[in-house]
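Worksheet for the structure shown next.
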Protein chains: 2
Amino acid sequence: MQKETLSKNQKIILDYIEKVNEPTKAYSILHNVQKKGIKAPLQVYRALDRLVEIGKIHKIESRNAFVACKNSNCQISKATAFSICESCEEVSEISDHKLSKYLKTFQEKAGMKFNKYNLEFFGLCKKCSIK
Amino acid sequence: MQKETLSKNQKIILDYIEKVNEPTKAYSILHNVQKKGIKAPLQVYRALDRLVEIGKIHKIESRNAFVACKNSNCQISKATAFSICESCEEVSEISDHKLSKYLKTFQEKAGMKFNKYNLEFFGLCKKCSIK
DNA sequence: AACACTATGTAATAATATAACATTAAATAG
DNA sequence: CTATTTAATGTTATATTATTACATAGTGTT
Ligand SMILES: [Zn+2]
Ligand SMILES: [Zn+2]
Ligand SMILES: [Zn+2]
Ligand SMILES: [Zn+2]
């Protein structure tokens with residue numbers, strides 16, 4: 001799971017996502033890594049799929065965007081929570097032990113056994129609240 | 001917020017979503033309501049936007065699909081939780097008072113004030129667990 | 001060498017969603 | 001009841017997001 005075991009394209013895409021440090025869209029990634037030899041959407045999507053799978057990045061579903069994981073303990077993408085500012089679109093990954101414990105052990109009445117969750121909070125970040 | 005106050009297109013779209021009773025995609029809706037005179041994607045998306053806004057339906061972000069709200073107390077779409085079966089794609093809206101109370105009062109360390117959340121749990125439903 | 005498995009390259013296309021602009025219906029204020 | 005403004009509609013075109021299909025190449029195992 002270290003960066004060493006990633007393939008060439010996976011490394012390129014991950015490097016870019018880590019560098020921009022904000023939610024980034026697939027076609028924006030594509031445009032920005034074309035100088036590195038990546039030419040087609042599929043090359044990007046394949047790398048993204050794999051990076052999500054191994055937990056190096058996460059998809060912000062409500063934005064169709066990807067962010068690097070900041071949170072070494074988020075169990076390979078199986079338990080993710082984000083706060084999203086509806087004004088400036090800043091996204092940050094929430095790592096709150098009580099929250100993740102609560103959700104991991106949450107049991108629905110219907111008895112379904114969960115193995116994964118994704119939670120997105122929306123609001124105004126501090127900067128945008130002041131304005 | 002009753003069905004009476006909905007516009008013609010909104011009623012048509014909502015009726016269809018309530019009838020199919022499972023997550024439904026925008027273009028599937030379009031194909032199925034064309035006999036009612038709805039011809040273009042935009043007519044569907046506009047109605048969907050409004051219906052989401054007033055809480056009659058919800059968007060399942062991870063699936064780009066829409067479901068009717070089963071849950072009269074889910075505060076106009078501001079606090080939603082779903083369970084999603086990764087095998088049969090069955091989706092059901094979770095209404096668990098403790099969960100929603102916990103999430104509504106959740107405060108991030110960074111001090112961001114939330115006004116909305118969406119939570120999606122993934123797993124296997126009872127039927128699919130047996131197989 | 002044979003096999004399985006993962007990753008790549010490339011072109012075409014599918015699926016999802018919005019922009020722009022013209023028009024009509026409904027609500028409400030004077 | 002009429003001027004104003006607000007919400008909804010109709011239509012065409014286009015933008016954005018994502019996958020199918022097929023051919024090829026690397027990597028590790030037996
Ligand atoms: Zn993470
Ligand atoms: Zn902000
Ligand atoms: Zn609901
Ligand atoms: Zn199932």
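Keep in mind that this is a model prediction, so the values were computed, not measured. Residue numbers start from 1 in every chain, and the chains themselves are labelled A, B, ... in the order their sequence lines are given, proteins ahead of strands.
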Looking at the base of D/dA15, is there any donor atom on it, or on the side chain of A/Tyr27, that sits under 3.5 Å from an acceptor on the other one? no
Shared hydrophobic cluster for B/Leu42 and B/Leu30 (ILVMFWY, side-chain gaps under 4.5 Å): no
Could you state the CZ-C1' distance from B/Arg50 to D/dT9, rounded to the nearest angstrom? 15 Å
Touch check for A/Arg46, heavy atoms < 4.0 angstrom, all strands: base, sugar-phosphate only, or nothing? base
Find which nucleotide of DNA chain D each of B/Asn9 and B/Asn64 is nearest to by heavy atoms, and output the residue with the more 5' nucleotide. B/Asn9
So do the side chains of A/Val91 and A/Ser83 get within less than 4.5 Å of each other, counting heavy atoms only? no
If the condition is ring-ring contact (aromatic ring centres under 6.0 Å, His included), which residues does B/Tyr102 pass it with, not counting sequence neighbours? A/Tyr102
Give the rounded distance in Å between these two atoms: CD of A/Gln10 and P of D/dG26. 17 Å
So, for B/Phe106 and A/Phe121, is the gap between ring centers shorter than 6.0 Å? yes
Both B/Leu42 and A/Ala40 contact DNA chain C. Taking the nearest nucleotide for each, which residue is further toward the 5' end? A/Ala40
Taking for each residue the nucleotide of DNA chain D with the nearest heavy atom, is it B/Pro41 or B/Lys8 whose nucleotide lies nearer the 5' end? B/Lys8
In this structure, which one of B/Leu48, B/Asn32, B/Leu6, B/Thr24 forms a side-chain contact (heavy atoms from CB on, under 4.5 Å) with B/Ile13? B/Leu48
Tell me whether the OP1 or OP2 atom of D/dT17 has a side-chain N or O from A/Lys25 closer than 4.0 Å. yes
Same cluster for A/Ile12 and A/Ile17 if Ile/Leu/Val/Met/Phe/Trp/Tyr side chains link at under 4.5 Å? yes
Do B/Lys70 and B/Asn21 have a side chain donor and acceptor closer than 3.5 Å? yes
Identify which nucleotide among D/dA8, D/dA18, D/dT11 has an atom closest to any side-chain atom of B/Gln43, counting heavy atoms from C-beta outward. D/dT11
Check the distance between D/dT27's P and A/Leu6's CG and give it to me in whole angstrom. 15 Å
Closest nucleotide among D/dT17, D/dT11, D/dG10 to the B/Lys39 side chain: D/dT11
What are the bounds, 5' to 3', of the part of DNA chain C that sits under 4.0 Å from heavy atoms of chain B? C/dT16 to C/dA20
Check whether any side-chain N or O of B/Ser7 sits under 4.0 Å from OP1 or OP2 of D/dT9, and answer yes or no. yes
